Amino acid sequence: MAFTYDSVNIGAEGRDYARFLLGDVDSTTHLLEDEEVEALLALRGFREGVAQLAESCVARVSQQPERFEDEAGIQSEWTQQRVRHWTELAARMRANVTKTTATSLGPDVVSGEMAPTAGLDRLGI
């Protein structure tokens, strides 16, 4: 299995944009393999695929919390924030399934926004 991410490719719905939205962009700490991301996007479509990938991230962190926590509890806070983000992302992706996906790509990051949610505006989320 493999992990790849290229931020240059987040302008199109695909593996790299899905990873961007999920925040799964670091090769040393990634949760999802390329094959999993690509298969689910192909099977379920982009929006539902990202929703299911987000739920998968929550499940994986829940099953292996020690992988994401250190003795000082610093990672524990990060993990809680990520779980909230993934849960909210899944809900937003599903809530907007009936909306038409925008074809024009605008700016991805607004000052002060967390990068994984910044590109959602172009999907109508």
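Note that the coordinates shown come from a computational prediction; the quantities given were computed from them, not determined experimentally.
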From [atom1] ([X]) to [atom2] ([Y]), nearest 0.5 Å:
X: Leu31; Y: Asp26; atom1: CG; atom2: CG; result: 10.5 Å
X: Glu35; Y: Leu40; atom1: CD; atom2: CG; result: 13.0 Å
X: Leu43; Y: Glu38; atom1: CG; atom2: CD; result: 13.5 Å

Can a donor-acceptor pair be found, under 3.5 Å and without considering hydrogens, that links the side chain of [X] to the backbone of [Y]?
X: Glu48; Y: Arg94; result: no
X: Arg19; Y: Ile10; result: no
X: Glu36; Y: Glu33; result: yes
X: Ser56; Y: Gln52; result: no

Query raised in the report: Could you walk me through whether Trp86 and Leu22 pass the side-chain contact (heavy atoms from CB on, under 4.5 Å) check?
Result: CA-CA 7 Å; Trp86 292 321; Leu22 294 162; 4.0 Å; yes
Please report the shortest heavy-atom distance between [X] and [Y], naming the atom on each side.
X: Gly49; Y: Arg44; answer: N-CB, 3.8 Å
X: Leu89; Y: Ala54; answer: CD2-CB, 4.4 Å
X: Cys57; Y: Leu32; answer: SG-CD1, 3.8 Å

Report task. Carefully, step by step, assess Leu53 and Leu21 under the rule side-chain contact (heavy atoms from CB on, under 4.5 Å). Result -> CA-CA 10 Å; Leu53 290 165; Leu21 293 174; over 6 Å; no
Query raised in the report: Should the pair Arg15-Asp24 be classified as a salt bridge under the 4.0 Å nitrogen-to-oxygen rule?
Result: no
Report task. State, yes or no, whether a side-chain contact exists between Phe3 and Val37 at a heavy-atom distance under 4.5 Å. Result -> no
**Report entry** Test side-chain contact (heavy atoms from CB on, under 4.5 Å) applied to Val50 and Leu41, step by step
**Finding:** CA-CA 7 Å; Val50 170; Leu41 295 179; 4.1 Å; yes
